[in-house]
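Structure first, then comments.
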Amino acid sequence: MTSIAIREAVGKAIEYLTQHPEEAHYTDSAATAVVTSGLAVAVTGPNGASVTTDMPKSVGGGDAAPSPGWLLRAAQASCLAMMIAMRAAHQGLDVGRIEVIVDSESDDRGILGIDESVPAGPLRSRARVRIEPRQVAREELERLVRWADSHCPVQDGVRRAIPCSLEIMSIPSPHRGEG
C-alpha cells in the first residue's frame with residue numbers, strides 16, 4: 001500500500017471511529033497453540049495465520065524455530081515500525097527507510113523456577129529506531145517516533161500491566177469410564 005493509500009485509510013478509520021466510538025472496542029483474534037513435539041509449538045490464528053515456536057537445546061528444545069520471547073521482540077519491533085510508517089503517512093511525511101531493533105535482558109533463573117524472586121519474563125527491553133531522514137527535521141522525526149511508540153499496541157502491552165486471566169479446561173479422555 002502506498003503512503004497516500006495508508007493516509008487515506010487511516011483518515012477514514014479515524015473519521016469513522018470518531019463518529020462511532022462504540023465500534024472501537026472489540027475482542028482481538030485468538031491465537032491457538034498446540035505442543036506438537038517436545039517443546040515445539042504450532043500456533044494458528046485467523047485467515048490461515050500460523051507460526052511455530054521452539055526453545056533452545058539448552059532447555060530441552062529442538063532450536064528449530066524462534067522462541068516465544070524472540071517473537072515478542074519481533075512483535076514489538078514490527079509493530080513500532082508499522083506505527084511509525086502509519087503516522088508518517090498520515091502526516092504526509094516522507095521518512096524513507098524505517099528500521100527498528102528491539103532487544104531485551106532476561107534472567108533464566110525466573111523461567112526455570114530457580115529463584116521465585118526473579119521474573120520469568122524480560123527484565124527490560126529496548127527499542128532502537130533508525131530512520132532515513134528525507135527532508136524531515138530531526139525534531140519532527142523524534143516527535144513522530146515518540147508518538148508512534150506511545151500509540152503502539154504491542155509496546156503498550158509490554159509496558160503496562162494488563163489483566164491476564166487463566167482458565168484451565170480439561171479434555172475428556174476417550175478411555176475414561178471404561179472398564
Side-chain angles (χ1 to χ4, degrees), residues 1-31 33 41 43-47 49-53 55-56 65-108 110-111 118-166:
M1 198 177 255
T2 67
S3 290
I4 293 170
I6 294 168
R7 181 174 51 229
E8 289 172 0
V10 170
K12 287 178 184 176
I14 289 170
E15 182 181 344
Y16 181 81
L17 293 175
T18 299
Q19 294 171 3
H20 303 92
E22 69 283 356
E23 299 211 19
H25 185 251
Y26 56 92
T27 300
D28 296 313
S29 303
V41 176
V43 186
T44 57
N47 303 317
S50 67
V51 66
T52 300
T53 66
M55 291 297 284
S67 71
W70 185 86
L71 289 178
L72 174 62
R73 292 186 296 282
Q76 286 177 265
S78 62
C79 189
L80 181 53
M82 283 188 283
M83 289 301 299
I84 294 167
M86 185 185 305
R87 182 66 171 181
H90 185 245
Q91 293 188 325
L93 301 175
D94 182 11
V95 295
R97 177 181 163 84
I98 300 167
E99 179 181 300
V100 177
I101 303 159
V102 172
D103 60 17
S104 61
E105 183 180 323
S106 299
D107 185 330
D108 284 344
I111 191 173
V118 176
L123 303 173
R124 64 189 52 84
S125 72
R126 171 181 62 170
R128 291 174 285 161
V129 178
R130 293 182 188 151
I131 297 183
E132 180 183 327
R134 290 187 186 162
Q135 312 263 331
V136 179
R138 179 163 179 84
E139 299 79 30
E140 193 166 14
L141 282 176
E142 286 183 12
R143 277 194 305 275
L144 168 70
V145 171
R146 291 191 190 290
W147 185 95
D149 184 55
S150 69
H151 292 83
C152 175
V154 176
Q155 287 285 80
D156 177 61
V158 169
R159 280 194 186 100
R160 181 174 53 90
I162 56 174
C164 185
S165 62
L166 173 66

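Positions are given from 1 along the sequence.
Nearest heavy-atom pair across Met83 and Cys152 is CG-CA, 3.8 Å. Looking at every heavy atom in both residues, Ala127 comes nearest to Val102 through CB-CG2, 3.9 Å. Taking both residues in full, the closest heavy atoms of Val43 and Ala31 are given as CG1-CB, 3.9 Å, listed atom of the first, atom of the second, then distance. Contact between Ser3 and Ala89 at its shortest, heavy atoms only, is O-CB, 3.5 Å. Leu72 and Pro122 get closest at one heavy-atom pair: CD2-CG, 4.4 Å. Closest non-hydrogen pair, Arg7 versus His90, comes out as CD-O, 3.6 Å.
Shown here is Ile6, whose CD1 atom has more than 12 heavy atoms of other residues, nucleotides or ligands within 6.0 Å.
To the nearest 0.5 Å, the span separating OG on Ser106 from CD1 on Ile111 amounts to 8.5 Å. Atom CZ in Arg134 sits 12.0 Å away from atom CG in Leu141 (nearest 0.5 Å). One distance of note links CG of Asp94 with CD of Glu132; it measures 8.0 Å at 0.5 Å rounding. Rounding to the nearest 0.5 Å places CZ of Arg159 at 8.0 Å from OG of Ser150. The distance from atom CG of Leu144 to atom CD1 of Ile98, rounded to the nearest 0.5 Å, is 7.0 Å. Atom-to-atom distance recorded for Thr53:OG1 and Leu71:CG is 6.5 Å, nearest 0.5 angstrom.
A salt bridge links Glu99 with Arg130: the distance from a Lys NZ or Arg NE/NH1/NH2 to an Asp or Glu carboxylate oxygen falls below 4.0 Å.
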Yes or no on side-chain contact (heavy atoms from CB on, under 4.5 Å) for Tyr26 and Asp28, after CA distance, side-chain angles and deciding distance? CA-CA 6 Å; Tyr26 56 92; Asp28 296 313; 3.1 Å; yes
Output, in order, the C-alpha distance, side-chain angles, deciding distance and verdict of side-chain contact (heavy atoms from CB on, under 4.5 Å) for Val154 and Leu80. CA-CA 8 Å; Val154 176; Leu80 181 53; over 6 Å; no
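Looking at heavy atoms from C-beta onward, Pro68 lies in side-chain contact with Met55 at the 4.5 angstrom threshold.
The salt bridge (charged side-chain N to carboxylate O under 4.0 Å, His left out) contacts involving residues 137-148 comprise Arg138-Glu142, where partners must be two or more places apart or lie in separate chains.
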Under 3.5 Å, which donor-acceptor pairs link side chains of residues 8-16 to any protein atom two or more places apart or in another chain?
unit_1	atom_1	unit_2	atom_2	d
Tyr16	OH	Glu23	OE1	3.1
Tyr16	OH	Glu23	OE2	3.1

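Each of Arg126, Arg73, Arg124 was scored for a salt bridge (Lys or Arg N to Asp or Glu O under 4.0 Å) with Asp103, with one residue passing: Arg126.
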